[in-house]
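What follows is a single structure, written as structure tokens, with notes after it.
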Amino acid sequence: DLATKGILKKYNVGDRVTGRCKNISNFGIFFEVNGEIDVLCHLSDVAWSRIDSAHDFININDERELLIIAKDESKMQLSTSIKRLTPDPFLNISKYELNKPYPCRIVKILEWGMFCELPEPGLTALLHSSQCDHLKKNPNLKKKYSVGQEIMCHIIDINTELRRVSLSHKATKISPFEELKNKIGTNFDATVVSKNDFSLLVKLSKDIEPLSFVHKNDLSHSFDSDSDLEKYKVSDNITVKLVEVDASKGSVRSSRKALEKDPFDFFKDRNLKVNDVLTCEIISSNNQTGITVKPEGYKGPPILIKKNQIAINIQDARASRFVGGIGERIDVAIKEYSYSKKKISLSIKLLEEIQKKEALKKYGSDESSGKQLPFSTLDKSIKEAKDKKKGKKE
């Protein structure tokens, strides 16, 4: 111990010495200096760049120049550093600009990203796997890249407090999603490459890399999207229209129903609104649900008039009244209407209420273009109104 203390006095903080690598641990490297004393260089002081294992940096018996950075005579220890022999490369980070390309050398490849060295020796930055490719979110990096390979990257973030620099390789390339934006509204002869419970995934063409999804609600204007989806299988060739490209999310959406005129435009083109009257054809009746009708000239699916909207009087609110009238024309009123939500609700009951109100006002009823309905309370209401008016005159 006395001999070691005497040797220790020969060395001071700030001295440069040469050491031979004697042992490598998971926390640093032990060097033998001048054959008389062992010193430690902690892993954090081996290099300015990121090092996960000292085995990647040095071999046993290799010699390195060391800088003594700490001395503890009570523990008879010397701490050394290799990286502090050179200036901190992060001090020059100010000369680098965000969103500009720089050549970077790959120094380590992990499953989730790569560490790359900027042109400044020792200055490493992280290239996350999500920033490597526009199309693949989790590419197999070891298959595509190799240590020592030089690639162009943009610096996308600099955190001086944490001494972290983030890179993007895909930012140096034109995004295929941005290119595809120029083709929104174009029709494609696409091929179905996969299918799930709610959509199809299609390849628009052999020259376009991003795949496009077609949601089941975009297959047709019908209200039975599940049945529409069942009609398609993988390898089918279908025509679709490109309707949306979101480069930030990496998504492309196409539609088949966009190729056809929206049947709901029937209501928009006629500038229809709530309380307007429509003449419809009776398609079917069901005592449990109501009756289905189609407005004249409407090319969409039939519209259900619910049982509680068939008549004012409960005794008249029977779908069976219309069993013998399938194919006949009937007038109905628009109860609810929203073009944006593609929603419309029709009502015979509402039409009765409107006509009853008009008849009470005029003491009569108007002719309608469709089948006249038996408003059982209308005549009685009109008679009462007339008697009341007659009584006032007398």
Between CG of Leu141 and NZ of Lys108, what distance do you get to the nearest 0.5 Å? 13.0 Å
Do Ser285 and Ser320 come within less than 4.5 Å of each other through their side chains, counting heavy atoms only? no
Under a single-linkage definition using a 4.5 Å side-chain heavy-atom cutoff for Ile, Leu, Val, Met, Phe, Trp and Tyr, are Ile58 and Leu43 assigned to the same hydrophobic cluster? yes
Step-by-step side-chain hydrogen bond (donor to acceptor under 3.5 Å, both in side chains) determination, His55 to Ser53: CA-CA 5 Å; His55 289 280; Ser53 172; 4.8 Å; no
Between Leu204 and Leu259, is there shared hydrophobic-cluster membership here, with clusters defined by ILVMFWY side-chain heavy atoms closer than 4.5 Å? no
Mark yes or no: Lys9 above the aromatic ring of Tyr11, with NZ or CZ under 6.0 Å from the six-membered ring centre and no more than 45 degrees from the axis. no
Is it the case that over 12 heavy atoms from other parts of the model lie below 6.0 angstrom from the NZ atom of Lys71? yes
Step through the shown structure and confirm whether more than 12 heavy atoms of other residues, nucleotides or ligands are within 6.0 Å of CD1 on Ile314. no
Between Gln131 (side chain only) and His169 (backbone N and O only), is there a donor and an acceptor less than 3.5 Å apart? no
Enclosure of Asn271 CG (heavy-atom neighbours >12, cutoff 6.0 Å): no
Within the side chain of Arg321, is there an N or O that forms a donor-acceptor pair under 3.5 Å with the backbone of Asp316? yes
Specify whether His42 and Phe27 have parallel, tilted or perpendicular ring planes, treating 30° as the upper limit for parallel and 60° as the lower limit for perpendicular. tilted
Heavy-atom pair with the smallest gap, counting every atom of Val252 and Leu211: CB-O, 3.6 Å
Salt bridge present between Asp133 and Lys144 (N-O < 4.0 angstrom): yes
NZ of Lys142 to CD of Glu111, rounded to nearest 0.5 Å, is 7.0 Å
Is any side-chain heavy atom of Tyr339 closer than 4.5 Å to one of Lys342? yes
Value for CD (Glu328) from CD1 (Ile282), rounded to nearest 0.5 Å, stands at 6.0 Å
Atom pair CD1 (Ile151) and OH (Tyr145), whose distance is rounded to the nearest 0.5 Å: 5.5 Å
Heavy atoms from other residues, nucleotides or ligands near NZ of Lys143 exceed 12 (cutoff 6.0 Å): no
Which heavy atom in Ile334 sits nearest to a heavy atom in Leu350, and how many Å separate them? O-CD2, 3.4 Å
Using side-chain heavy atoms (C-beta onward) and a distance below 4.5 Å, is Pro103 in contact with Met152? yes
Can a side-chain donor-acceptor contact be found between Arg20 and Asn61 if the only test is distance below 3.5 angstrom? yes
With under 30° as parallel and over 60° as perpendicular, where do the rings of Phe264 and Tyr337 fit, or are they tilted in between? parallel
Please walk me through it: do Lys181 and Glu178 pass salt bridge (charged side-chain N to carboxylate O under 4.0 Å, His left out)? CA-CA 5 Å; Lys181 277 185 177 181; Glu178 291 295 340; 3.7 Å; yes
Validation row: Ile68, Val39 side chains within 4.5 angstrom (heavy atoms): no
Scanning both residues in full, the closest heavy-atom pair of Asn92 with Glu120 reads ND2-OE2, 2.8 Å
Lys306, NZ atom: more than 12 neighbouring heavy atoms under 6.0 Å: no
Going by heavy atoms in the side chains, are Leu127 and Cys153 under 4.5 Å from each other? yes
Indicate whether any N or O donor in one side chain lies under 3.5 Å from an N or O acceptor in the other, for Asn217 and Ser225. yes
Hey, are Lys233 and Asp236 close enough for a salt bridge, meaning a charged N less than 4.0 Å from a carboxylate O? yes
Dump the intermediate steps for side-chain contact (heavy atoms from CB on, under 4.5 Å) on Leu66 and Ile82, then the final yes or no. CA-CA 5 Å; Leu66 308 169; Ile82 297 174; 3.6 Å; yes
Would a distance-only check, ignoring hydrogens and angles, find a side-chain to backbone donor-acceptor pair under 3.5 Å from Arg256 to Thr239? yes
Can Arg253 and Asp218 be counted as an ion pair, charged N to O under 4.0 angstrom? yes
Exactly one candidate in Thr124, Leu118, Leu126 meets side chain to side chain contact (heavy atoms under 4.5 Å, CB included) with Leu167; the answer is Leu118
What verdict does the salt bridge (charged side-chain N to carboxylate O under 4.0 Å, His left out) test give for Glu281 and Lys294, after you've listed the backbone C-alpha separation in whole Å, the side-chain angles of each residue and the deciding distance to 0.1 Å? CA-CA 5 Å; Glu281 178 187 351; Lys294 261 194 176 184; over 6 Å; no
Test your reading of the model: is there a side-chain donor-acceptor pair from Asn159 to the backbone of Leu162, 3.5 Å cut-off? yes
Return the CD1 to CD1 distance between Ile348 and Ile291, rounded to the nearest 0.5 Å. 4.0 Å
Taking the side chain as every heavy atom from C-beta outward, state whether Val33 and Thr80 have any pair of such atoms under 4.5 Å apart. no
Are any non-hydrogen side-chain atoms of Ile156 and Asn99 less than 4.5 angstrom apart? yes
Taking Ser199 for the side chain and Phe213 for the main chain, is one N or O donor matched with an acceptor at less than 3.5 Å? no
Give me the atom names and distance for the closest heavy-atom approach of Ser251 to Phe177. N-CE2, 4.0 Å
Between CZ on residue Phe31 and CG on residue Asp62, distance to nearest 0.5 Å: 8.5 Å
Heavy-atom nearest pair, Ile303 first then Pro295, reads CD1-CD, 4.0 Å
Would you indicate whether Arg270, at its atom CZ, is surrounded by more than 12 heavy atoms from other residues, nucleotides or ligands within a distance under 6.0 Å? yes
Answer yes or no on whether Arg64 is positioned over the face of Phe57, meaning its NZ or CZ is under 6.0 Å from the six-membered ring centre and within 45° of the axis. yes
Answer yes when Arg84 and Asp45 have at least one side-chain N-carboxylate O distance shorter than 4.0 Å, and no when they do not. yes
For Ser345 and Gln309, what are the C-alpha separation, side-chain angles and deciding distance, and is it a side-chain contact (heavy atoms from CB on, under 4.5 Å)? CA-CA 10 Å; Ser345 173; Gln309 293 299 319; 5.6 Å; no
Honestly curious: do Ile238 and Phe198 fall in one hydrophobic cluster under the side-chain, below-4.5 Å linking rule? no
Has the side chain of Asn34 got a donor or acceptor atom that lies under 3.5 Å from a matching backbone atom of Glu36? no
How far apart are the C-alpha atoms of Val165 and Tyr96, what are their side-chain angles, what is the distance that settles it, and do they pass the side-chain contact (heavy atoms from CB on, under 4.5 Å) test? CA-CA 10 Å; Val165 181; Tyr96 293 94; over 6 Å; no
Pair Lys349 + Glu352: basic N to acidic O under 4.0 Å: no
For residues Ile283 and Phe322: do they belong to one hydrophobic cluster (side chain heavy atoms under 4.5 Å, members Ile, Leu, Val, Met, Phe, Trp, Tyr)? no
Do Val107 and Trp112 share a hydrophobic cluster (ILVMFWY, side-chain heavy atoms under 4.5 Å, transitive)? yes
List the atom of Val293, the atom of Cys280, and the distance in Å for their closest heavy-atom pair. CB-CB, 3.8 Å
For Lys22 and Asp38, indicate whether the former's side chain and the latter's backbone hold a donor-acceptor pair under 3.5 Å. no
Tell me if the NZ atom of Lys173 is crowded by more than 12 foreign heavy atoms within 6.0 Å. yes
Side chains of Ile60 and Cys21: closer than 4.5 Å at any heavy-atom pair? yes
